[in-house]
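Remarks on the structure that follows.
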Amino acid sequence: MNRPARRQRGENTRSAHLPAPAGPPGSPLGLPVWRSSAWSRTGPPGGPETTGEDAADRVDNPTTAAFAAAVASLEGAAAPEDVAGQAFASGTAAVNAVLMTFLRSGAHVVAPVQVHDRTHSLITNVLSRFGVSADFVDYADLGRVGAAVRRSTKIIYAETLSTPSAAVADVRGLYRIARSAGALLVVDSTFATPVVCRPLEHGADLVVHSATTYLGGHDDCTGGVVVGRPDLIARLRRVRVDTGAELSPDDAFLLRRGLETLPLRVRRMCSTAMVFAAAVAKHPAVRRVDYPGLPGHPGHRLARHLFDSGPEGTRYGACVTVTPHGGHDAGVRLAGALRLVSPASSAGGTRTKAVCTASLGRRSGEDAGGDAGAVRFSIGLEDAEDLIVDVTRALDSLLASGR
Ligand SMILES: Cc1ncc(COP(=O)(O)O)c(C=O)c1O
């Protein structure tokens, strides 16, 4: 007896309904990338899985959620309370979500004068149009921070380590001011990473990262993340969803993979930065080196107090700002004379990069307490001796051209 021929679906249908892979036995050690922007919903029609917010969907991709949870575990290892996280499409999107969640028209924020350019721009160019006001003050003097606080202050915003002068935030002192003002203490810890300092242990309510830099660590993806108490993080999720600031699962995979080597990379970068800063400070063409590991830096004592240490000593971060004699022109020539170090403004990747801080934007130049000739080095994973040879040769060329 002939079996009736099975009806063949059309080629378009067959393409659109490719077989789904069965999961392999065992648990994968690598993080699966859930590269799907739509999910079929299970459960009875009308039930929570089919209609509710809790259903897995593109806004709560499991690969992306795994990255956020991983950062929460690193930042919250010894935090006094449970820590959750939300991931965002960029560091700027993460900062934006924090500000939009906890500020409203009429609210006021206090931020450091050296705050990252884009955060400054977000507050002054965007949020100001929605009735948010801000004061940017010198955080080296906590008295000024306290004096800037108003009844309407809802956020005290800080950066654990900021550029260009590598200012160190007194997170504990800021915590006391924030508590007495009834404001949240939000700390951008991009340049510290949880390997150097975990602000939640010192009283911060929320910690923000541009994951694009050290957490990813390879200059190949963009992302942001915020971690803190689960009730605060749940409120952030609402704004993330409402503003469409989702991190893609591919970038989340790369960022989460970067976390696996974060301590190895950051510890080595910090050690190299220390040796680099000490060597460069001795060069006669150099007017000033800003690095908190140097005993003369204004944030040195605070950093020793707040920052982690290991067998290699205290970790002071991996950005060193070098200001040659001769102002802006000398800074441009120094950056241009480097051969091994790449001219790039980003930080945190495997390659060492240098940028004239005046070119980073208005806030990174003299307006933000920087120097017109300052060059920021984001130290990478090269051998310290090779970096010192490169910068010494470039500094020698400044001296030679000045003769
Ligand atoms: C301290 C700090 N905050 C925020 C940002 C913005 O992050 P993104 O470039 O991922 O938007 C950066 C970027 O480098 C940064 O260095």
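Distance check: Thr190 OG1 to His116 NE2 gives 8.0 Å after rounding to the nearest 0.5 Å. Summarising the geometry, atom CG belonging to Leu206 is positioned 6.0 Å from atom CG belonging to Leu236; distances are rounded to the nearest 0.5 Å. Going from atom CZ of Arg288 over to atom CG of Leu294 covers 11.5 Å, rounded to the nearest 0.5 Å. Here the straight-line distance linking atom SG of Cys197 with atom NE2 of His305 works out to 11.0 Å at 0.5 Å rounding. Here CG of Asn61 is found 8.0 Å from OG of Ser36. Values are rounded to the nearest 0.5 Å. Taken to the nearest 0.5 Å, the CZ atom of Arg376 stands 5.0 Å off from the SG atom of Cys319.
Side-chain N/O atoms of His325 and Arg287 include no donor and acceptor closer than 3.5 Å. Inspection of the Arg240 and Gln86 side chains reveals an N or O donor paired with an N or O acceptor under 3.5 Å. For the residue pair Arg256 / Thr63, no side-chain donor-acceptor distance below 3.5 Å is found, with atom types taken as modelled. Side-chain contact of Thr160 with Ser189: a donor-acceptor pair under 3.5 Å is present, judged by distance alone. When only modelled atom types and interatomic distance are considered, His108 and Asp135 share a side-chain donor-acceptor pair under 3.5 Å. A donor-acceptor contact under 3.5 angstrom links the side chains of Gln114 and Ser165, judged on distance only. Judged by distance alone, the side chains of Ser248 and Asp250 never bring a donor and an acceptor atom under 3.5 Å apart.
Remark: Asp383 engages Arg268 in a salt bridge, criterion side-chain N to carboxylate O under 4.0 Å. In this structure, Arg14 does not pair ionically with Glu11, as no charged nitrogen and carboxylate oxygen lie closer than 4.0 Å. A salt bridge does not link Arg235 to Asp231: none of the charged side-chain nitrogens sits closer than 4.0 Å to a carboxylate oxygen.
Applying the 6.0 Å contact sphere to CZ of Arg393 captures more than 12 heavy atoms from other residues, nucleotides or ligands. Counting heavy-atom neighbours within 6.0 Å of Arg301 CZ, excluding the residue itself, gives a total of 12 or less. Atom CZ of Arg172 sits in a crowded spot, with more than 12 heavy atoms from other residues, nucleotides or ligands closer than 6.0 Å.
Ring planes of Tyr214 and Phe191: perpendicular class, angle over 60° (limits at 30 and 60°). Tyr316 and Tyr291 have perpendicular rings, their planes meeting at more than 60° on a 0 to 90° scale where under 30° would count as parallel.
Between Phe102 and the choices Val186, Val109, Leu232, Val239, the side chain to side chain contact (heavy atoms under 4.5 Å, CB included) rule is met once, by Leu232.
You'll find the side chain of Val110 stays beyond 4.5 Å of the side chain of Phe136, heavy atoms only. Contact of the Ser309 side chain with the Arg304 side chain is not registered, since no non-hydrogen atoms from C-beta on lie closer than 4.5 Å. Looking at heavy atoms from C-beta onward, Arg179 lies out of side-chain contact with Leu185 at the 4.5 angstrom threshold. Side-chain contact between Val149 and Ile156 is present, with at least one heavy-atom pair separated by less than 4.5 Å. Under the 4.5 Å side-chain criterion, counting only non-hydrogen atoms from C-beta, Tyr139 is not in contact with Val113.
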Are Val71 and Leu259 close enough, and set up right, to give a side chain to side chain contact (heavy atoms under 4.5 Å, CB included), and what steps lead you there?
CA-CA 8 Å; Val71 179; Leu259 293 179; 3.8 Å; yes
Could you check Arg267 against Glu312 for salt bridge (charged side-chain N to carboxylate O under 4.0 Å, His left out), going step by step and ending with a plain yes or no?
CA-CA 8 Å; Arg267 286 167 64 165; Glu312 73 285 4; 3.6 Å; yes
Would His283 and Asp396 satisfy side-chain hydrogen bond (donor to acceptor under 3.5 Å, both in side chains), going step by step from the backbone distance to the final call?
CA-CA 8 Å; His283 197 283; Asp396 288 347; 2.7 Å; yes
